[in-house]
Trainee: 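Dropping the structure in here first, questions after.
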Protein chains: 2
Amino acid sequence: MSPAGRAGRSRAGQGKLTRGCRRVLAVLEQTRELSSAQDIHGMLRQAEPEAPGLTTVYRSLESLVGMGLVQSVDLGDGEKRYEVVEPGEHHHHLICQGCGASVHLDQCLVEDLEKSIKAKYGFEISSHVLEVFGRCRGCLKSSTK
Amino acid sequence: MSPAGRAGRSRAGQGKLTRGCRRVLAVLEQTRELSSAQDIHGMLRQAEPEAPGLTTVYRSLESLVGMGLVQSVDLGDGEKRYEVVEPGEHHHHLICQGCGASVHLDQCLVEDLEKSIKAKYGFEISSHVLEVFGRCRGCLKSSTK
DNA sequence: CTTATAATGAAAACGATTTCCATTTGAATC
DNA sequence: GATTCAAATGGAAATCGTTTTCATTATAAG
Ligand SMILES: [Mn+2]
Ligand SMILES: [Mn+2]
Ligand SMILES: [Zn+2]
Ligand SMILES: [Zn+2]
């Protein structure tokens, strides 16, 4: 019997996750929103005072990102956000500066360029950050007044 | 006579800059490298103990970025970098994780997409971040051993 | 049960940036 | 030149997300 055994529920290979990782992942899977470490900790503690401490939340996020189950998103405000992704995948966002809404882009522009960048600059890409800020349709309408 | 008057030297309209702004800009124009606020402050103080304080460096950078003479670059390590740009322009980088070298990209991929993003998602883009990390030719060669 | 290792939590430390506030500078006015 | 007032400046303290430290507990072998 594999250690994953009869984990069953949702995501594969979840059996080998620590308690903290499981709790953090559960929150992210429910909210389906970009959440900061402190957001996650707050949600956990609100539901149950015995929930993992903030330190464990940070450590769990680090693990989950390393495993490719979660990606961290840097919006440049000094507070990292996290969200579940398809294992090993990543994507980028349109962030509305009016209402905070975020659109999850389905296609990564940068991966397409890896070969041409390698050819042109000799660089082998290992990662990248790309986030786009602006105003969503709704906020554009409101500001027309 | 315009207030810019006979400023002459290098960049236009520099006459109306504060002392701090002028000093910070001078450092950035000489180094031509991505420099943090503390880097800049250190370089200033090293040359002259009377140079602007760290607070003024931060305030100057904020002004210069607002004026479009300098862009800030977020490499995700919690310390913003700054560099001079053509007034109003911006660009992105390839950053080598081996030696720290950076290639200044000449073309912005994102601006090309503004129209299609507006059409597809209703978003009007006002800014974006894009930085690419990897290994440069030299570092790739070294690691081959 | 005993033991070694990994996970956890609270408090303290960190570090870049911001805020406070008293002082200085610089230009406009008398 | 003296006066005046707003802007600029500098150092210290505060902020705040994140990381470290270190003692305690859970987990898995043996
Ligand atoms: Mn997303
Ligand atoms: Mn550059
Ligand atoms: Zn991508
Ligand atoms: Zn761009």
Side-chain angles (χ1 to χ4, degrees), chain A residues 1-5 7 14-27 34-67 69-83 129, chain B residues 1-5 7 14-27 34-67 69-83 129:
Chain A
M1 320 82 187
S2 77
Q14 199 169 121
K16 56 180 189 286
L17 296 178
T18 66
R19 197 163 14 123
C21 284
R22 266 179 275 120
R23 306 294 303 278
V24 167
L25 196 54
V27 168
L34 293 172
S35 309
S36 70
Q38 318 217 31
D39 287 342
I40 295 166
H41 179 246
M43 290 188 267
L44 284 170
R45 280 285 161 105
Q46 175 195 3
E48 175 198 347
E50 300 301 284
L54 185 54
T55 307
T56 295
V57 171
Y58 276 108
R59 281 188 287 231
S60 298
L61 286 168
E62 184 184 12
S63 297
L64 291 167
V65 169
M67 290 184 270
L69 300 178
V70 166
Q71 80 172 343
S72 85
V73 178
D74 188 340
L75 300 184
D77 64 351
E79 192 175 9
K80 294 230 183 85
R81 313 303 161 84
Y82 300 86
E83 67 179 336
V129 304
Chain B
M1 318 84 183
S2 76
Q14 199 169 121
K16 55 180 189 281
L17 296 178
T18 67
R19 195 161 19 122
C21 283
R22 265 179 277 121
R23 305 296 301 277
V24 167
L25 196 54
V27 168
L34 293 172
S35 309
S36 71
Q38 320 220 26
D39 288 342
I40 295 166
H41 179 246
M43 289 187 267
L44 284 170
R45 280 285 162 106
Q46 175 195 2
E48 176 197 346
E50 301 301 284
L54 185 55
T55 307
T56 296
V57 171
Y58 275 108
R59 281 187 288 231
S60 298
L61 287 168
E62 184 183 12
S63 297
L64 292 167
V65 170
M67 290 184 269
L69 300 178
V70 166
Q71 80 172 342
S72 85
V73 178
D74 188 340
L75 300 184
D77 63 351
E79 192 175 10
K80 294 227 183 89
R81 313 303 160 86
Y82 300 86
E83 67 179 335
V129 304

Trainee: Specify the separation, in whole Å, of atom CG of Leu61(B) and atom P of dT9(D).
Mentor: 12 Å
Trainee: Working to the nearest 0.5 Å, report the span between CZ of Arg59(B) and SG of Cys21(B).
Mentor: 10.5 Å
Trainee: Pick base, sugar-phosphate or nothing for Arg59(B), based on heavy-atom distances below 4.0 Å to the nucleic acid.
Mentor: base
Trainee: Looking at the side chain of Arg19(A), which of dT9(D), dT27(D), dT18(D) is the nearest nucleotide?
Mentor: dT27(D)
Trainee: Grab the CG-C1' distance between Asp74(A) and dG17(D) for me, whole Å please.
Mentor: 12 Å
Trainee: Glu50(A) has an atom CD; how far is it from atom P of dA26(D), in whole Å?
Mentor: 11 Å
Trainee: Whole angstrom is fine here: how far is it from CD in Gln38(B) over to P in dT17(C)?
Mentor: 6 Å
Trainee: For Asp77(B) and for Cys21(A), locate the closest nucleotide of DNA chain C by heavy-atom distance; then report the residue assigned to the nucleotide nearer the 5' terminus.
Mentor: Cys21(A)
Trainee: Starting at CD of Glu62(A) and ending at C1' of dA7(C), how long is that distance when rounded to a whole Å?
Mentor: 13 Å
Trainee: Check the distance between dG17(D)'s P and Glu79(B)'s CD and give it to me in whole angstrom.
Mentor: 19 Å
Trainee: When the distance from CG of Leu64(A) to P of dA7(C) is rounded to whole Å, what number comes out?
Mentor: 12 Å
Trainee: Arg45(B) has a side chain; which of dT18(D), dG10(D), dT17(C) sits nearest to it?
Mentor: dG10(D)
Trainee: Are more than 12 heavy atoms, taken from residues, nucleotides or ligands other than Glu50(A), located less than 6.0 Å from that residue's CD atom?
Mentor: no
Trainee: Is the phosphate of dT9(D), meaning OP1 or OP2, less than 4.0 Å from a side-chain N or O of Thr18(B)?
Mentor: yes
Trainee: Report, as yes or no, whether the 6.0 Å neighbourhood of atom CD on Glu62(B) holds more than 12 heavy atoms from other residues, nucleotides or ligands.
Mentor: no
Trainee: Between P on dT17(C) and CG on Asp39(B), what's the gap in Å once rounded to a whole number?
Mentor: 10 Å
Trainee: How long is the straight-line distance from NZ of Lys80(B) back to CG of Asp74(B), given to the nearest 0.5 Å?
Mentor: 6.5 Å
Trainee: Where each residue is assigned the nucleotide of DNA chain C containing its nearest heavy atom, which of Thr56(A) and Arg81(B) is assigned the position nearer the 5′ end?
Mentor: Thr56(A)
Trainee: Would you say the side-chain atoms of Arg22(A) pair up with the backbone N or O of Leu17(A), donor to acceptor, closer than 3.5 Å?
Mentor: yes
Trainee: Any idea which of dT21(D), dT18(D), dT19(C) is nearest the Thr55(A) side chain?
Mentor: dT21(D)
